[in-house]
Amino acid sequence: MLTYWLTNGFDRKAQIVTAVLVALAIVVPLGSLLPPDDSVLHISTYQVTLFGKYLTYALLALAVDLVWGYCGILSLGHGAFFALGGYACGMYLMRQIGTRGVYADPVLPDFMVFLNWKDLPWFWYGFDMAWFAFLMVILVPGLLAFVFGWFAFRSRVTGVYLSIITQAMTYALLLAFFRNDMGFGGNNGLTDFKDILGYSIQSPGTRAGLFAASALFLAFFFVVASALTRSKLGKVLVAVRDAESRTRFIGYRVEHYKLFVWTLSAVMAGVAGALYVPQVGIINPSEFDPAASIEAVIWVAVGGRGTLVGALIGAVVVNFGKTWFTGMLPELWLFALGGLFVIVTLFLPTGIVGLFARLKSLRKPPVAPVAVANQSGGAS
Amino acid sequence: MRMLRCLATLFLLMMTVLPLKAATAIADADLTALVNALGAGDFDATEQAIAALAASGDDRVAGILDKLGNGELVTRKADKAVFIGEKADKDFKLTDPVTGADAGIVPKATVDKLKVNNKLRRAIATAVGTLTLRNADPKVRLAAAEAVMKSQDAAAIPALDAAIGAETDAAVKTAMISARAAAVLASDLPDSEKAKAVDTIADLGTRDALGMIAPYAGQAGPIGDAVKAATTAINAKLALWDAGQNIWYGLSLGSVLLLAAIGLAITFGVMGIINMAHGEMVMLGAYATFGVQELIRNNAPELFDYSLLIALPVAFVTAGGVGILIERSIIRWLYGRPLETLLATWGVSLILQQAVRTIFGANNREVGNPSWMSGAFTIGEMQVTWSRLWIIAFAAVVFLSLIGVLKKTALGLQMRAVTANRPMASAMGIRTPFIDALTFGLGSGIAGLAGVALSQIDNVSPNLGRGYIIDSFMVVVFGGVGNLWGTLVGAMTLGVANKFLEPYAGAVLGKILLLVFIILFIQKRPRGLFALKGRAVEA
């Protein structure tokens, strides 16, 4: 059953994406580790980390696309799930520091010693074990999303109102995590990590491994998302997106479908955050900033909403642009990003993927118009 | 010795006679006798003489005592009469202290300087203080009573008793009675008197009163009991004042929220547009204020007190103009697609922020307070700053004018018509695109006005708007979309709730609690506190 379900989702698009990601997961680490530093083929550790970061962003974008593109829930708070996953991972990495911290306390992280705390708070228990931390990476965002969604969808909060309260949620978490009393390092967050699963976090080998893990997780979730959207459940989700009341009147429990996909999406965002933290080496409350969550939405919009591939493309393209701009013309980046928001919503409602589809249809006039009509109708 | 007894008798006489007379002048001869007593004996005798002088309540006494304190008084050895002595070469030029008449120049050897020690200096200070209790000006008397209240000098009790009997002004009398009670507490009078005094102080109900009786809390007997009862009574009163202060702060925060949210209530509530750039309109208003003030500072500094009044129309037009521009160029293509509008206006907000940062720099800009907005005054135990008071008044004016525009003008009627039923309004001949642009401009312009007010209490930086956008949305959604009165109630409720939570939970946690409350509240009432009913809701 599950095999059928997955193979059904493993269409040509998914095959290509998976192939590309798996290839990346093999080629990039090899390129980083094997050739000598001065070789043309060599990929520097900095580049590996940077691309690894893009891949975790792509996973976040995929999560946003799943709820926004296929279920019509515009979340302005997915950054919160991303950050929670990141914090869960960061707590594991903090516990791994052990006596190598500035204050050399075997149990307490530095900031707790600094705050003059004597005991580890209860919610830090268990994070010295990798399996527990990984469980939390999935459980914490998932549970928050489940509870939040259960309340919101049951009382039929939809559209703009839902967007605003998701934003309020991440804003409340932002304020909360800024507090030192919370026990998550306050303003500075968690940083200064030493090693992960016993390997030094700085070494090129670990970086390459993290990159490969990011690519493989992304591929895995892409297949899951692809299978999900092609299944009957996926069709119901699209129905909810396009005509929620009608779907309800037909007899579907709309809130159950929404809750399922919402929670799954939060878990994906949490995993993305957990992969992000060891690569960038820090997690702090700014990840909860509502602005960060809205940025994730624009990645999806740029790539093409409701296409899955578009989310990946959008995340990589926009973030590549961000890296380039902030390096070359830092003054202009916000103009460019702001302009992107405006231009994409006004002129590119189907994003890059939609643009390619249109170009393709121009080249093959006889067959294409019908296909395009269907596609744009479904993605709008 | 006879002299002393005589003085004492005189003193008693004064105490009984003066309250009846309530006059501030006595016969020159009597006063001269009192003044001469200053030089009659040792320090103790002088002290008594000072008290006697003070009790006379004559206007001239203060000046004489002042001179005594400065060592300018001398006694003539021959008859022990007291004069003001000014050094003239090796001689002294004498002046009668009572009449001011010249008493000739005498050799230094024939006079003695009147010496004072610290104890006497204290006695003089107290005497001068109590003297002013009898001053003709009630303000001076009030100040004197308050001075005694602070110093709690037991020596002032007789003078106060006298003054209380003569006092006609009710407010001053109350102050004197309280001052007397404070002095009694500090004195060595019997316990029953003190207990009575505690009750008098308890009636004051101020923080100072609490401080006055606090040292006696541990005492056994009637005083301790009285203090305990009084402390409870005062604390109850203070709690009321605290609540009043919290409500005031809450209303002040509420009016800031109202100002920031009311423009949003128009664009979001009335038009259904999610304008994420609303905070940037507020920011533009604040920068318009900055610009106006810069112009005034450089060209016409004397107009500075009017700078805010001048800034109001400028901010309204700037923000409103930018708003209309945004509506015409971007938002009108996105009607009916609220989520896309949200993203596009977010992009606009980024662009505006960066534009302002590029033009004005990323640092905070200095916006001055005009003189009529600085300072504070107190009502009872409440501190009221002028700037907050003006902002509350301003928010009220903006709110009422907006209601007026919507209810009483042709434009307002057309706006409401378009909101209620766009196709029908269009069929009736209303140019809906034109109304859309004006409505959006009005909402943005009001945000600009909010910016003028916020420039007075917040940092004027490119990030100014960011801090208000989420709060504003919370207010509008909580109050109920499409309902200005709901926005008012929402803003005030959130403002007051925030200030009441702050002492218990801290500022940040209080805000988090409110956010969580609103998230839960929306689950219960998805359309806010005052929901619109009817077909428009379904659209």
Side-chain angles (χ1 to χ4, degrees), chain A residues 68 72-74 76 148 150-182 245 289-291 294-295 297-298 300-301 305 330-347 349 380, chain B residues 268 272-274 276-277 280 326 329-331 333-334 337-355 357-358 362 462 466 469-474 476-477 481 506-528 538:
Chain A
W68 185 39
I73 305 168
L74 176 54
L76 299 183
F148 186 90
W150 194 72
F151 278 114
F153 300 137
R154 202 185 47 138
S155 49
R156 300 187 189 173
V157 180
T158 52
V160 175
Y161 290 88
L162 190 75
S163 301
I164 290 175
I165 62 170
T166 54
Q167 192 176 28
M169 175 191 75
T170 190
Y171 186 58
L173 284 168
L174 169 76
L175 292 176
F177 274 74
F178 261 123
R179 302 178 70 234
N180 276 332
D181 310 356
M182 280 286 286
S245 301
D289 190 343
I294 297 187
E295 229 179 289
V297 172
I298 203 62
V300 178
R305 179 188 164 198
E331 288 279 296
L332 292 184
W333 165 240
L334 276 184
F335 284 125
L337 185 63
L340 207 56
F341 272 97
V342 175
I343 290 165
V344 167
T345 46
L346 282 184
F347 304 111
S380 66
Chain B
F268 180 40
I273 295 174
I274 312 297
M276 294 301 272
E280 276 57 47
I326 295 172
S329 59
I330 297 171
I331 292 173
W333 306 108
L334 298 170
R337 291 196 283 161
L339 299 182
E340 271 87 346
T341 318
L342 191 156
L343 292 178
T345 49
W346 177 262
V348 172
S349 86
L350 293 181
I351 293 173
L352 284 176
Q353 271 180 35
Q354 187 58 38
R357 199 173 285 128
T358 310
R466 274 280 172 88
I469 185 72
I470 290 182
D471 287 345
S472 307
F473 270 115
M474 291 297 123
V476 175
V477 169
V481 172
V508 179
L509 200 58
K511 190 149 189 196
I512 296 170
L513 288 176
L514 271 188
L515 283 173
V516 172
F517 164 74
I518 293 173
I519 291 176
L520 290 177
F521 179 84
I522 292 176
Q523 320 291 337
K524 197 75 198 153
R525 300 198 60 154
R527 301 276 163 190
E538 306 300 328

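From a predicted model like this one, the values you see are computed outputs, not experimental measurements. Proteins come first, then strands; the chains are lettered A, B, ... in the order of their sequence lines, and each starts at number 1.
By number of non-hydrogen pairs under 4.5 angstrom with chain A, the leading residue of B:Thr358, B:Thr341, B:Leu509, B:Leu352 is B:Leu509. Per-residue heavy-atom pair counts under 4.5 Å with chain A were compared for B:Leu520, B:Ile519, B:Ile518, and the maximum is reached by B:Ile519. Heavy-atom pairs under 4.5 Å with chain A peak, among B:Ile470, B:Leu513, B:Val508, B:Val477, at B:Ile470. Between chain A and the options B:Val516, B:Ile330, B:Asp471, the largest number of non-hydrogen pairs under 4.5 Å is found for B:Ile330. Annotation: maximal heavy-atom pairing with chain B below 4.5 Å, among A:Ile294, A:Leu340, A:Val157, occurs at A:Ile294.
Only the side chain of A:Leu76 comes within contact range of chain B, with heavy atoms under 4.5 Å apart. Of the atoms belonging to B:Ile351, heavy atoms from both backbone and side chain fall under 4.5 Å from chain A. No part of A:Ala336 comes within reach of chain B, as not one of its non-hydrogen atoms sits under 4.5 angstrom from that chain. Only the backbone of B:Ser329 comes within contact range of chain A, with heavy atoms under 4.5 Å apart. Only the side chain of A:Tyr161 comes within less than 4.5 Å of a heavy atom of chain B; its backbone N, CA, C and O stay farther away. Proximity to chain A is limited to the side chain of B:Leu515, based on heavy atoms less than 4.5 angstrom apart. B:Leu339 touches chain A through backbone and side chain together, each having a heavy atom under 4.5 Å away. Contacts between A:Trp68 and chain B at a heavy-atom distance below 4.5 Å involve the side chain alone, from C-beta outward.
The nearest pair of heavy atoms linking A:Ala152 to A:Ile165 is CB-CD1, 4.5 Å. Smallest separation of non-hydrogen atoms from B:Met276 and B:Ile469: O-CD1, 3.9 Å. Nearest heavy atoms, A:Asp289 versus A:Leu174: N-CD1, 4.0 Å. B:Ile274 and A:Val160 get closest at one heavy-atom pair: CD1-CG1, 2.9 Å. Residues A:Ser155 and B:Gln523 approach most closely at CB-O, 2.9 Å, considering heavy atoms.
The side chain to side chain donor-acceptor pair (under 3.5 Å) test applied to A:Gln167 returns no partner, not counting sequence neighbours.
A donor-acceptor distance shorter than 3.5 angstrom exists from the side chain of B:Gln354 to the backbone of A:Glu331, with no hydrogens or angles considered. The backbone N or O of A:Gly159 lies less than 3.5 Å from a partner atom in the side chain of A:Ser163, making a donor-acceptor pair.
Listed by sequence position, B:Leu342, B:Leu343, B:Ala344, B:Trp346, B:Gly347, B:Val348 are the residues of residues 342-349 of chain B in contact with chain A, using a 4.5 angstrom heavy-atom cutoff.
Heavy atoms of other residues, nucleotides or ligands lying less than 6.0 angstrom from CZ of A:Arg156 number 12 at most. For A:Phe151, the CZ atom is loosely surrounded, since the number of other residues' heavy atoms within 6.0 Å does not exceed 12.
In this structure the side chain of B:Leu350 never reaches within 4.5 angstrom of the side chain of B:Glu280, judged on heavy atoms. In this structure the side chain of B:Trp333 never reaches within 4.5 angstrom of the side chain of B:Glu340, judged on heavy atoms.
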